[in-house]
A.B. asks: 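Have a look at this one.
What you see is a predicted model; the values in this text were computed from it and never measured. Atoms considered below: every heavy atom in the structure, side chains included; atoms not considered: hydrogens, waters and symmetry mates. Chain letters run A, B, ... following the sequence lines, proteins first, then strands; residues in each count from 1.
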Amino acid sequence: MEIPKTYDPKQAEREHYQRWEAQGCFAPEANRNPDAHVFSIVIPPPNVTGSLHMGHALQHTLMDVMTRHKRMLGYRTLWLVGTDHAGISTQIVVERELKKEGLTRHDLGREKFVERVWQWKAQSGGRIVEQMRREGASVDWSRERFTMDEGLSRAVREFFVTLYEEGLIYRGERLINWCPKDQTALSDLEVDKETHAGKLYYLQYPVKTADGTERRLTVATTRPETMLGDTAVAVNPEDERYRELVGATIQLPLTTREIPIVADEFVDPAFGTGAVKVTPAHDQNDYEMGERHNLPQVVVIDHAARMTEAAGADFAGLDRYEARERVVQRFEELGLLEKVIDYEFAISRCERCRTVIEPLISLQWFCKQGELARRALDLVRERHEPHFVPEVPWEKVYTDWLENLHDWTLSRQLWWGHRIPAWYDEAGNAFVARSEEEARRAAGTDKLTQDPDVLDTWFSSALWPISTLGWPDNTQDLTTFYPTDVLVTGRDIISLWVSRMMMTGLKFVGEKPFRDVMIHGIVVDKNGQKMSKMKGNIVDPMDLFEKYGVDATRITLAAASAGTDIRWRDEQVESYRNFANKIWNAARFCLMNSEGATVGRGFEGDSDAWALHDRWILSRLNRTARDVDAAIANYQFHEAVYSLYHFFWDDFCDWYIELSKTDVAAAEASPARDAARSRLLTILEQALRLLHPFMPFITEELWQRLPGVGESLMHPAYQGAEPTIMLTKYPQANDELYDDEATAEMALVIELISRVRSIRSEINVKPGERIDLLVSASDSGAREIVDKAFRDEREQITRLTRAGNIRFVEPSDIPRASARAVLAGGAEVAVPLEGLIDFAQERERLGKEQTKLQTEAERLEKQLSNPQFTERAPAEKVAELRQRVADIAQRNSAIEKMMEALSA
RNA sequence: AGGCACGUACGUCAAUGGUAGACGGCUUCCCUUACAAGGAAGAGGUUGGGGGUUCGAGUCCCUCCGUGCCUACCA
C-alpha cells in the first residue's frame with residue numbers, strides 16, 4: 001500500500017466533510033434508535049457580516065468535540081446552527097457598498113435599501129457558514145436558521161406584543177445613549193467606557209443674593225458647553241458652606257435664564273467644589289436629579305451633536321467641541337473662569353464607530369427587566385442554575401448583573417432589523433399588534449403608520465434557543481431538544497445575552513434554555529494583547545488550517561481551553577501538527593504490516609495467550625477511555641487532550657508498537673503473526689475513535705483505510721448508514737480490562753530498558769554496538785517478578801536495548817568492570833563493559849543516584865516519624881509512604897553492594 | 001473608586017490540601033526501513049515577597065508587590 005511519509009491534511013479535509021454532510025450524518029435523524037438519549041447545543045449565532053476568528057474557532061471546536069462525542073455514544077444529537085442579522089454592522093457594510101456607487105441609503109429609500117441588504121446577505125452572507133464547514137463543525141445544516149427568517153421574526157413579534165400587553169414594554173422619553181455618527185440610540189451594553197485624559201473646568205456662577213452683594217458659586221465640569229442647558233445648581237443638603245444658598249437663584253452666564261440652587265443627596269461635598277451644575281437634558285445623573293426637583297430640560301445639543309437654537313444665537317449650529325471652546329473663552333472674558341486642571345475621567349464611545357456618545361432625551365421603546373429577571377435570579381440563587389463552568393467567578397458575575405438591571409432601550413433608528421410592531425393613527429395613538437391587520441382592527445382605521453424604528457439586534461438573540469426550535473409554536477423539535485444541554489460562549493456576553501436568554505426561556509417555555517453554561521477564555525496574542533484589526537495582531541484561523549491543518553488547530557485550541565486568557569502561539573499548533581504526523585506514521589506502520597490482519601480481532605480467547613504488552617496496552621486503552629470520558633463530561637478538554645496525546649505517543653507508539661515489532665514484523669506469515677497484527681490494528685482503531693471528536697479528519701482518513709472496517713463496526717443506533725468513524729461507538733472503559741499485574745510488570749520492563757539506554761548514553765557506547773545484559777536479584781520476591789516479566793518480553797528487551805544476550809546471574813557473578821543500575825524491588829541490571837568503565841566515574845554515577853534516594857528517604861522518614869502525620873493522615877497515604885520507603889531501602893542496599901563490588 | 005481574576009522551568013501553560021508535570025526551546029548522541037514534523041539520553045524550580053492555618057500548602061487565610069479584566073452616577 002502506497003502511503004506518503006508525511007501527512008497532508010488538505011485532501012482529507014476536502015473529501016470527508018462533504019461526504020458526512022451529504023449522507024446526513026450531522027442530523028439527529030441519523031440516529032435510528034427511538035429510545036436514544038438526546039443531546040443538543042444551539043450555536044451562539046455568528047454575525048452574518050462576520051468571518052471566522054479565533055474565538056469562533058475555539059468555541060466551535062469545543063462544541064464539536066462534545067457533539068461528536070455524544071453522537072458516538074449513541075445520543076440523538078443536534079447542534080443547531082445559524083447566523084445573526086447584526087443590525088448596525090450589516091447596515092454599515094451595505095451602506096459602505098452603496099457609497100462606492102455614490103449613493104446613500106436615503107437615495108434608495110427604505111424598501112429598496114432593505115431589499116439590497118437581503119441581496120447582500122444572499123451573496124456575501126454565507127462566508128462564515130462556509131468557513132464552519134472547513135472547521136469540520138458537525139452542525140445540522142438542515143435546521144440552519146437566520147434571525148430574520150419568517151419564523152424567528154414571528155417569534156420576535158410575539159415576544160414584543162406579549163410583553164407590551166403585560167406592561168413590561170413601554171414607550172417613553174428618556175435620556176439614552178445616542179451615537180451622533182450612526183444616528184441611533186444604543187443600549188448601555190453597546191457603549192464602551194474608556195478613560196480619557198481631559199480637563200476639568202471650574203466655572204463661576206453669579207448668585208443673586210437678597211442684599212445684592214456679589215457672590216459667586218463655583219462648579220466644576222468636564223463639559224462646559226452643557227452649561228448652556230443648565231437648569232439648576234445642586235449642593236449637598238448637609239453642606240455647611242452652601243446651606244444658606246439653597247433656594248437662592250443664579251443668573252446663568254451667557255444666557256438670560258435664572259436657575260435655582262437645589263439640595264440633593266447625590267452631590268458629594270468632598271468632590272470639586274461641592275456644587276454641581278445640573279443639565280437634565282444631557283447627563284444621566286442630572287436627568288435623575290431633574291426628575292427629583294422638577295427641573296425643566298433644556299436641550300442644547302441635537303442629534304448631530306450640534307448646538308441647538310436653545311443654546312443661544314452665539315452657539316446655535318456649532319459642533320459640541322467648538323461650542324466648548326467658545327464657552328470657555330467667554331467665561332474667561334467675563335472673568336468667570338476660575339481654573340482649568342488636567343483630569344482623567346471616563347467617556348463613552350459607540351462600540352462600533354468609536355464616536356463619543358451624546359446622552360440625549362429621546363422618545364424610545366424600553367423593556368422593564370426587573371420582573372423578568374426575578375425567576376432567573378431565584379433559580380441561580382436557590383439551585384445554582386444554570387450551572388456555570390467554571391462556576392467561579394461567572395455565577396457571581398451573572399447574579400450581580402441580574403441584581404442591577406436598568407431598563408433596556410429597545411428601539412434603534414436603523415432600517416435593517418425587526419421593525420417594531422407598533423402602528424400609530426393620525427392622532428398619534430400607538431397600537432401594538434402581531435400584524436398590521438390586527439393593529440387596524442384595534443384602531444378601527446386603515447390610516448396607520450408603522451413605527452419606523454427597528455429592535456435592538458439582541459432582542460431576537462434573546463429568543464434564539466426557543467425561536468430556532470419553532471417557538472411560538474409547540475413543535476416536535478422544541479419538545480425534543482429544549483432545554484439544550486450546554487451553552488458555550490465568551491464571558492463578554494454573559495449579561496448581554498446569557499441572562500436575557502434565561503429570562504425569555506423561563507418566561508415563554510417555563511424552563512431554562514440550557515443546563516450548563518461553559519465560559520471559555522479569550523484568545524489573545526502572544527503578548528497578552530487583545531487581537532484587533534487596528535493592532536494588526538489578528539491570527540486568522542483559516543491561515544492556521546492552511547498551514548498546519550484543521551485537526552492540529554482544533555486539538556491545540558481544545559488543549560488551551562483551560563486558561564482564562566489564551567495566549568496564542570503558532571508553535572503550539574506546530575507540536576500538534578507533529579502529533580498528527582505521528583498518528584499518520586503509526587497508522588502507516590500498522591498498515592504496512594496488516595496483511596492477514598483484521599480490525600477487531602486478535603483479542604479473542606484467553607488473555608494468557610497474549611503477550612504482556614498486549615494485556616498492558618489494553619489496560620492503558622481502557623483507562624484512557626475512562627479518563628477522556630470523565631474529562632469531556634467535566635468540560636476539562638485539556639485533560640482529555642493530555643490523556644490522548646500521551647496514550648497515543650508514549651504508550652502506543654513508543655512502547656506498544658516497538659514491543660510488537662518482533663511479532664508483527666516477523667518474516668514468516670503465521671497465525672500468531674496474524675493475531676499480533678490484528679491486535680495492533682484493533683488498538684489503533686480504538687485510538688482513532690477516541691481521537692475522532694478532536695481530530696475528525698485524520699481519524700476518518702485513516703479509519704477508512706483499515707482492513708475490515710465496515711458496517712459491523714458502526715454504533716447500533718446508526719446501523720444502515722454508510723460506514724464512517726464518526727458513527728462508530730465511542731470506546732467505553734471496561735473495568736475488567738484494567739490489569740494491575742500487567743501494568744506492574746510492564747513498568748519493570750520499561751524501567752530496565754530505560755536504565756540500560758541511560759547507561760549506553762552516559763558511557764558513550766556506540767549506538768550500533770551490542771552489549772551483554774546481566775540481570776540479578778538477591779531478593780526472592782524481586783527474582784520472581786523479574787523472571788515473569790522477562791520471560792514474556794526477553795526478545796523485545798534485547799531488541800530495544802541492542803543487547804547481545806541477556807543472562808540471569810548471581811550478584812557475585814557480575815564482573816567488576818560493569819555499569820550497573822538498580823530497578824524497582826531491588827533487582828539489578830549490569831552491563832559488562834571491559835575497558836570502557838572508569839571506576840571512579842562509575843562510583844560517582846551510582847553515588848549521585850544514592851544521594852537522590854537518600855534525600856527522598858530522609859524526607860519520607862521525617863514525615864513518618866511524626867506521630868501527628870501517622871495519626872491524622874489517611875491510612876492509605878501512610879501505607880503508601882511506607883511502601884516507598886521500603887522500595888528505596890531495597891534499591892539503596894543494592895547500590896551499596898554495587899559500590900562495594902566496584903571498589904573491590 | 002469599588003469588585004473579580006491572575007503571578008509555577010527560558011517561553012506558553014497543567015497540577016480534588018498529599019513525591020511540582022506537559023509541550024516548545026536548550027545540551028549530547030543517532031538519517032536504528034512507521035515517523036528527522038523522528039528516536040535515545042540529559043540540564044533546568046526555596047511555585048512573585050513576607051506572615052499564618054494544617055501532620056502536610058503551588059493549592060486555604062492575611063498582607064505587600066506586579067499584571068490583567070469587569071462594573072460605576074464624583075460633576
A.B. asks: Give one of base, sugar-phosphate or nothing for Cys590(A), where a contact means two heavy atoms less than 4.0 Å apart.
C.D. replies: nothing

A.B. asks: Looking only at side-chain atoms of Asp654(A), point me to the closest of G39(B), A34(B), G18(B).
C.D. replies: G39(B)

A.B. asks: Does Lys193(A) make a side-chain N or O approach to OP1 or OP2 of C73(B) shorter than 4.0 Å?
C.D. replies: yes

A.B. asks: Would you classify Phe266(A) as touching base, sugar-phosphate or nothing, given that sugar-phosphate means primed atoms plus P, OP1 and OP2, and contacts are heavy atoms under 4.0 Å?
C.D. replies: base

A.B. asks: Could you check whether Glu288(A) gets within reach of a base, just the sugar-phosphate, or nothing at all, counting any heavy atom under 4.0 Å?
C.D. replies: nothing

A.B. asks: Give a yes/no on whether any side-chain N or O of Arg567(A) is located under 4.0 angstrom from OP1 or OP2 of C13(B).
C.D. replies: yes

A.B. asks: Indicate, yes or no, whether a donor-acceptor pair under 3.5 Å links the base of A34(B) to the side chain of Lys661(A).
C.D. replies: yes

A.B. asks: Would you call Asp342(A) and Lys199(A) a salt bridge, taking side-chain N to carboxylate O under 4.0 Å as the test?
C.D. replies: yes

A.B. asks: Check every strand shown and say whether Gln572(A) touches a base, only sugar-phosphate, or nothing at a heavy-atom separation below 4.0 Å.
C.D. replies: sugar-phosphate

A.B. asks: Can you tell which of A41(B), A75(B), C23(B) lies closest to the side chain of Ala220(A)?
C.D. replies: A75(B)

A.B. asks: Mind checking if Arg588(A) touches a base, just sugar-phosphate, or nothing, with heavy atoms under 4.0 Å?
C.D. replies: sugar-phosphate

A.B. asks: Ignoring hydrogens and angles, does a donor from either the side chain of Arg757(A) or the base of A40(B) sit under 3.5 Å from an acceptor on the other?
C.D. replies: no

A.B. asks: Name the pairing partner of A22(B), where a pair is Watson-Crick or G-U wobble with both distances under 3.5 Å, or state none.
C.D. replies: U12(B)

A.B. asks: Given A37(B), U32(B), A34(B), which nucleotide is nearest the side-chain atoms of Arg802(A)?
C.D. replies: U32(B)

A.B. asks: Applying the side chain to side chain donor-acceptor pair (under 3.5 Å) test to Lys277(A), which of Thr231(A), Asp283(A), Asp286(A), Thr226(A) qualifies?
C.D. replies: Thr226(A)

A.B. asks: Looking at every strand, decide which applies to Glu658(A) at a 4.0 Å heavy-atom threshold: base, sugar-phosphate, or nothing.
C.D. replies: base

A.B. asks: So if I take every side-chain heavy atom of Lys530(A) and compare against C70(B), A34(B), A15(B), which nucleotide ends up nearest?
C.D. replies: C70(B)

A.B. asks: Looking only at side-chain N and O atoms, does Thr6(A) come under 4.0 Å of OP1 or OP2 in C35(B)?
C.D. replies: no

A.B. asks: Tell me: CZ of Phe345(A) to P of U71(B), nearest whole Å?
C.D. replies: 19 Å

A.B. asks: Have a look at Lys852(A) and say if it touches a base, only the backbone sugar-phosphate, or nothing, with a 4.0 Å heavy-atom cut-off.
C.D. replies: nothing

A.B. asks: With rounding to the closest Å, how many angstrom separate the C1' atoms on G17(B) and U12(B)?
C.D. replies: 27 Å

A.B. asks: Under 4.0 Å: is that the gap between some side-chain N or O of Lys582(A) and OP1 or OP2 of G39(B)?
C.D. replies: yes

A.B. asks: Please tell me which of the listed nucleotides, A75(B), C69(B), C4(B), lies nearest to the side chain of Arg491(A)?
C.D. replies: C69(B)

A.B. asks: Could you identify the nucleotide paired to U46(B), looking across every strand shown and requiring Watson-Crick or G-U wobble geometry with both distances under 3.5 Å?
C.D. replies: none

A.B. asks: Taking a pair as Watson-Crick or G-U wobble with both distances under 3.5 Å, which nucleotide is matched to C70(B)?
C.D. replies: G2(B)

A.B. asks: Will you find, in the side chains of Gln284(A) and Glu288(A), an N or O donor that is under 3.5 Å from an N or O acceptor?
C.D. replies: yes

A.B. asks: Mind checking Arg884(A) for me? I need base, sugar-phosphate or nothing, with any heavy atom below 4.0 Å counting as a touch.
C.D. replies: base

A.B. asks: Could you identify the nucleotide paired to U32(B), looking across every strand shown and requiring Watson-Crick or G-U wobble geometry with both distances under 3.5 Å?
C.D. replies: none

A.B. asks: Check whether any side-chain N or O of Tyr343(A) sits under 4.0 Å from OP1 or OP2 of A75(B), and answer yes or no.
C.D. replies: yes

A.B. asks: With a 4.0 Å cutoff (strictly under), does any side-chain N or O of Trp401(A) reach OP1 or OP2 of G3(B)?
C.D. replies: no

A.B. asks: Nearest to the side chain of Arg569(A), which nucleotide is it out of G11(B), A75(B), A34(B)?
C.D. replies: G11(B)

A.B. asks: Please lay out, stage by stage, how Val397(A) and Phe388(A) fare under the test side chain to side chain contact (heavy atoms under 4.5 Å, CB included).
C.D. replies: CA-CA 10 Å; Val397(A) 168; Phe388(A) 281 85; over 6 Å; no

A.B. asks: Counting side-chain heavy atoms from CB outward, which of A36(B), C29(B), A22(B) is closest to Tyr642(A)?
C.D. replies: A22(B)

A.B. asks: What nucleic acid atoms does Trp394(A) come within less than 4.0 Å of, heavy atoms only: base, sugar-phosphate, or nothing?
C.D. replies: nothing

A.B. asks: Would you indicate which nucleotide in A34(B), C23(B), C35(B) comes nearest to any side-chain atom of His646(A)?
C.D. replies: C23(B)

A.B. asks: Output the single nucleotide from G42(B), A75(B), A34(B) whose closest atom is nearest the side chain of Met592(A).
C.D. replies: A34(B)

A.B. asks: Compute whether any side-chain donor of one residue and acceptor of the other, for Trp649(A) and Asp651(A), lie under 3.5 angstrom apart.
C.D. replies: no

A.B. asks: For Glu856(A), report the nucleic acid contact type (base, sugar-phosphate, nothing); a contact means any heavy atom under 4.0 Å.
C.D. replies: base

A.B. asks: Quick one: which of A37(B), C23(B), G18(B) gets closest to the side chain of Asn578(A)?
C.D. replies: A37(B)

A.B. asks: Are any of Asn593(A)'s side-chain N or O atoms less than 4.0 Å away from OP1 or OP2 of A34(B)?
C.D. replies: no

A.B. asks: Please give me the minimum heavy-atom distance between Ala560(A) and Ile566(A), naming the atom from each residue.
C.D. replies: O-CG1, 3.4 Å

A.B. asks: Go through the side-chain N and O atoms of Glu338(A) and Thr218(A) and say whether any donor and acceptor fall under 3.5 Å apart.
C.D. replies: yes

A.B. asks: Looking at every strand, decide which applies to Tyr645(A) at a 4.0 Å heavy-atom threshold: base, sugar-phosphate, or nothing.
C.D. replies: sugar-phosphate

A.B. asks: Can Lys877(A) be said to sit on top of Phe869(A)'s aromatic six-ring, NZ or CZ under 6.0 Å from centre and within 45° of the ring axis?
C.D. replies: no

A.B. asks: So what does Pro867(A) hit on the nucleic acid, given a heavy-atom distance under 4.0 Å: a base, only sugar-phosphate, or nothing?
C.D. replies: nothing

A.B. asks: Looking at every strand, decide which applies to Asp268(A) at a 4.0 Å heavy-atom threshold: base, sugar-phosphate, or nothing.
C.D. replies: base

